[in-house]
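Below is one structure, written out as structure tokens, with a few remarks after it.
Throughout, numbering of the chain's residues begins at 1 and tracks the sequence.
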Amino acid sequence: MNYIKGKFRNIIYQNKDNGYVVGIFKIKETNTLELTSYINKTLTITGTFLDVNLEENYILYGEIKEHERYGFQYNVASYEKEEIKGIDNIKKFLASSLIKGCGEKTAQKIVDTLGEDALNLIKEDVKVLEQIEGLNEAKAKIIRDSILEYSDADDCVLKLTNLGFSMNEATKIYKKFQTRTKYILETDLYILSEIIEFNKIDNIYLNNHEETDRIRLKACMLEAMKRLANISGDTYFLETEIKDALKQEFNLLIDDILFEEVIYELEEEQKIVKENDLYYLEDIYQAQEDIVDYLYSLSNNNCLPIYDFEESLNILENTNQVYYNEDQKRAIKNALENKITIISGGPGTGKTTIIKAIVNLYQKIHNYSNMELMAHVALLAPTGRASKKMSMATSMPAMTIHRYLKWNKDANNFGINEYHKALEDLIIVDEMSMIDINLFSALLKGIKSNVQLILVGDVFQLPSVGPGLVLSDLIASELFTFCPLEQIYRQSANSYIPYLALEIKNKDISEDFITQKDDYNFLKVEAPNIKDMITKICLMSKEKGLNENDIQILAPMYKGENGIDNLNIILQKLFNPPNPNKEELSLGEITYRVNDKVLQLQNNPDCNVFNGDIGYINKIVKEKGKTTIIIDFEGNKVEYTLKDMNQIKHAYAITIHKSQGSEFSHVILPITKNYYKMLYNKLIYTGVSRAKKSLVIIGEPQSFLMAVNNDYATNRKSMLKEKLMHKFLNINS
């Protein structure tokens, strides 16, 4: 293996988060022929390091490469620190800044007394330092702890790389777990699945253990259940489902006795719950229980009736020139007079208008100033775009649930919780269909027990990405005040989008669906020609003054000729072609350039950017071996480095799932039999209902009709409704 030995002279760049280092390294020895001329000279090195100290000697393994901009560099694949040998080197090490509590005089005494094996003797037993004249017990402990800390970190990284983890992964692991790493390596490697892909850990574990090792069986069973929950959205599983998943995911076949033994141990460890032959992951089970308890407690509080409601609403109608139908009036009144109210309706039924009315009347009832109102009312939604829509409609601040609950991404917990409650008296949550069982549980824990809770959404949209059917279960329980909205408001005499959504919902598509309307068109196009038709429509739209901000392509799948990945390549060339004056960045086969439209894939509350937010690349800055990407999310400019770009994807075309909680002025929706795995009723309904001003469906009418009549997404397993009814009505579930 090629190596160079020596010391760092200085560090040009160091990323403390991921360990990436660019430095100047003085070479003392090498086995690489082309580097022999560099002995006693310096060379630029790049690589991942747990830490770098200029006082230490390193052995770096890697290869020399010529960078087009920075010239010759040595790219480090792995490294180790040279063993400290010899009296003089040991003395220098002990007297260095690496070891606390030990100056030159003490270091001299230690090597004089303990000799060349001093470091090993100290690591084995602190009592050997009792032999050192003038060294008290407290200082001896500090010296030994420093030596152990120094060696443990490097030992752990070395063990991790020897097991098969990359240097990047080993560094990431130690930075996350610190001194716990050694314990994890000795006890349960699967704890590392918090940050490392499970299958890699499993493959490494299998190199040293039996296939049916008990630690592995427990880890694989938990992972199988997590994958089932993520794929199906179910909150519980049957024994046969878990066994099938173990076989499919990990090629594990276990008999009934072994299955029960593993389940029992996982129950004892409080990682799963078995109830009436149903198996839950502990966090999902507890979330379900918490929802039931908190809603029960909340519902036991009373609200006062509003005696001048009609008069107040009439004043509001006249002031805002908005007139409410009977369903809307009922929803507004119920929301203000009940502790828990659910409002559900499709596109065009006035949900946003109702939220605004509730806020305005609540302010009038309590005689709050605008500042007082903001202290008493919280407007929440699961996505950034949905919260911005609420804010624009109400002229009130709104935020994502994660931000409201002060989510800590690294620790994966919430600062607002059962021990530190939020203080608002009225909580309005929009886009409830997107909220899974864990997030709803976290929200209920974080709000006061006497709060008024108003849940708004469209129960017919796609269910949450995470497990559960929260909105549907709450409605189906019939335990809470429920206000359905049916009446649709036309935008024009020939508008069709909200009516098409209703027809999809009812699976009763009229022959009109292929007739052009003011806001709608269905273009019959065969699959091979869909991408060309999308390009043609976008070109025509550009000529009319529209741009990529006005137009959104929604598609069900990433792969294939009409998939999102390919459409984004085509649309990037159309909307943001290469330009010598625009900086760009290539990551594999994907090129990002300034002005590109991009989608955020993960929640990042620290930067106030959330899953589903759409922004534009404002700058790409390359300097000193570091690349910085500035992305503008509607005025919120967020800085990304190369390691962060896995959070970003082009957004000229996005999935229908990622579009939830958003509205777009003009939507293009391709529908083809090539998407057959993803063609089902709720998906198409959700895509159609994202369009605000116009909708163009491109594709095959028969594929569209097939999707409308496919109920694929309606069979999630959940016990929330039954648990609620049992608690509230004391009936057997």
Side-chain angles (χ1 to χ4, degrees), residues 159-160 162-166 169 173 177 183-288 436-438 463 465-469 557 559 676-678 680 712-719 722:
K159 285 178 182 177
L160 286 163
N162 287 340
L163 282 171
F165 293 101
S166 70
E169 290 168 333
I173 289 166
F177 295 102
Y183 169 80
I184 291 168
L185 288 171
E186 292 172 351
T187 56
D188 186 356
L189 203 64
Y190 290 97
I191 295 171
L192 301 179
S193 63
E194 289 181 31
I195 56 171
I196 303 295
E197 204 272 325
F198 185 92
N199 280 16
K200 174 150 194 176
I201 296 168
D202 192 43
N203 289 333
I204 288 172
Y205 195 83
L206 275 172
N207 290 334
N208 302 285
H209 299 85
E210 294 295 322
E211 186 180 56
T212 54
D213 175 272
R214 187 57 59 94
I215 289 174
R216 179 175 188 254
L217 283 178
K218 290 192 290 185
C220 288
M221 189 170 290
L222 284 172
E223 180 65 16
M225 292 176 71
K226 288 175 186 176
R227 293 182 186 183
L228 281 172
N230 289 334
I231 293 168
S232 67
D234 292 341
T235 60
Y236 66 83
F237 310 101
L238 306 175
E239 179 178 329
T240 54
E241 292 173 321
I242 299 171
K243 285 182 177 178
D244 287 346
L246 284 169
K247 180 181 178 183
Q248 183 174 337
E249 299 289 337
F250 306 110
N251 198 29
L252 274 171
L253 291 169
I254 60 175
D255 59 33
D256 292 345
I257 294 174
L258 186 54
F259 180 86
E260 287 300 326
E261 288 176 356
V262 174
I263 288 290
Y264 177 78
E265 289 183 24
L266 288 170
E267 283 187 284
E268 288 292 298
E269 295 170 15
Q270 296 185 333
K271 292 178 179 175
I272 69 163
V273 175
K274 180 184 178 184
E275 185 177 79
N276 300 328
D277 294 326
L278 307 181
Y279 299 85
Y280 297 82
L281 289 164
E282 169 68 26
D283 64 326
I284 294 177
Y285 181 85
Q286 194 56 55
Q288 177 180 264
D436 64 34
I437 196 164
N438 289 312
V465 174
L469 279 170
M557 296 174 68
K559 302 304 178 186
Y676 70 95
K677 289 182 179 178
M678 296 296 289
Y680 56 92
Y712 162 73
T714 60
N715 299 318
R716 283 190 175 188
K717 298 200 298 296
S718 166
M719 288 294 290
E722 287 78 7

Quick check: does any side chain N or O of Asn276 sit under 3.5 Å from a backbone N or O of Leu278, one acting as donor and the other as acceptor? no
Just by modelled atom types, is the Lys717 backbone N or O under 3.5 Å from a matching donor or acceptor in the Asp234 side chain? yes
NZ/NE/NH1/NH2 to OD/OE distance under 4.0 Å, Lys274 and Glu260: yes
Residues in ring pair (Phe, Tyr, Trp, His ring centres under 6.0 Å) with Tyr279, at least two apart? Phe259
About how many Å separate CD1 of Ile204 and CG of Leu192, when rounded to the nearest 0.5 Å? 8.5 Å
Give me the ring orientation class for Tyr285 and Tyr280: parallel if the planes are under 30° apart, tilted from 30 to 60°, perpendicular past 60°. perpendicular
Compare all side-chain heavy atoms of Leu258 with those of Arg214 and state whether any distance is below 4.5 angstrom. yes
Flag side-chain contact, heavy atom, 4.5 Å: Glu267 against Val273: no
Minimal heavy-atom distance between Leu228 and Glu241, with the atoms involved, is CD1-O, 3.9 Å
Can you tell if the side chain of Lys271 reaches within under 4.5 Å of the side chain of Lys218, non-hydrogen atoms only? no
At what distance, to the nearest 0.5 angstrom, does CD of Glu223 lie from OH of Tyr190? 10.0 Å
Atom of Pro467, atom of Asn438 and distance for their closest heavy-atom approach: CG-ND2, 4.4 Å
Which of these, Lys247, Met221, Arg216, sits in a side-chain contact (heavy atoms from CB on, under 4.5 Å) with Leu252? Arg216
